[in-house]
Amino acid sequence: MALNIILLGPPGAGKGTQASRLVEDAGMVQLSTGDMLRAAVKAGTPVGLQAKAVMEAGELVSDEIVNALIDETLDRLSPDQGVIFDGYPRTAGQAASLDGLLGRHGRKLDHVIELDVDEDALVDRISGRFSCARCSTPYHDRYNQPEVAGVCDLCGSTEFKRRPDDNAETVRTRLAEYRAKTAPILPIYEARGLVRHVDGMAPIEKVGAAIDALLER
Ligand code: AP5
Ligand code: MG
């Protein structure tokens with residue numbers, strides 16, 4: 001049975017890093033609402049036009065928009081593809097919508113993995129971050145460079161980019177949004193016995209090994 005997991009944690013916690021590793025190693029599908037929204041902004045779609053300024057300010061895009069993005073993507077997946085929700089859900093409304101969407105697609109939530117991190121480390125992580133311009137695999141100037149300098153490990157692209165919302169001021173707003181709107185959904189999943197804590201301050205490989213151990217259990 002395909003696994004459905006949520007990776008939860010503040011900006012820079014390592015959600016995208018661990019999700020892309022699970023795509024590579026476990027053949028799961030990464031559903032990152034952040035990546036979907038950035039693609040929409042780049043393509044200049046109506047959703048992108050609505051989301052651009054909100055994202056640049058570090059605030060949350062409306063539930064209606066992100067719920068629709070997830071719904072459309074789940075429609076295109078086959079039931080035997082495991083899914084990692086990266087950066088979704090982020091509000092109580094999104095969590096409720098996800099329950100409905102999973103039920104409609106014959107899926108059930110297996111784990112909510114909370115990456116526990118020290119907030120002081122996040123600005124450093126985010127300010128050193130860059131990612132592949134083609135497949136969005138995240139890297140870091142010091143903590144996670146491509147194996148061959150200048151070449152993406154996953155897709156071989158030689159183009160990289162930095163995010164417009166990765167600056168100290170916006171990061172503060174993103175953290176405040178996380179504390180006010182996203183952290184409160186944790187108790188919903190705790191009450192259902194789904195939350196697993198992983199030390200997100202460990203080196204990337206150790207975080208990955210801890211997640212693998214949880215998923216194999
Ligand atoms: P989104 O793209 O989801 O950004 P985020 O939640 O702010 O999280 P990040 O992507 O910044 O961090 P991450 O946890 O993925 O960290 P990463 O692995 O890259 O959302 C962006 C915006 O879109 C939001 O602000 C909002 O406007 C909108 N949005 C998206 N989803 C939405 C939703 N559901 N509802 C409403 N609005 C939504 O790692 C960071 C860096 O650290 C990397 O350089 C990495 O190499 C490095 N690193 C990772 N792990 C480690 C480690 N263990 N040790 C050392 N370095 C590490
Ligand atoms: Mg991310």
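Residue indices begin at 1 and follow the sequence shown. Whatever order the structure lists them in is the order used to number ligands and atoms, beginning at 1.
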Cationic N near anionic O, under 4.0 Å, R76 to E72: no

Ion pair check, D166 and R129, cut-off under 4.0 Å: yes

Shell of residues surrounding ligand 1, defined by a 4.0 angstrom heavy-atom cut-off that is strict: P10, P11, G12, A13, G14, K15, G16, T17, T33, G34, L37, R38, M55, E59, L60, V61, V66, G87, Y88, R90, Q94, R125, R129, P138, Y139, H140, Y143, N144, R163, D165, R174, G200, A202, P203, I204, V207

I204 backbone acceptor or donor facing Q18 side chain under 3.5 Å: yes

L69, L7, L98 screened by side-chain contact (heavy atoms from CB on, under 4.5 Å) with Y88, the one that passes: L98

Sidechain N-carboxylate O distance under 4.0 Å for D141, R162: yes

Heavy atoms from other residues, nucleotides or ligands near CD of Q145 exceed 12 (cutoff 6.0 Å): yes

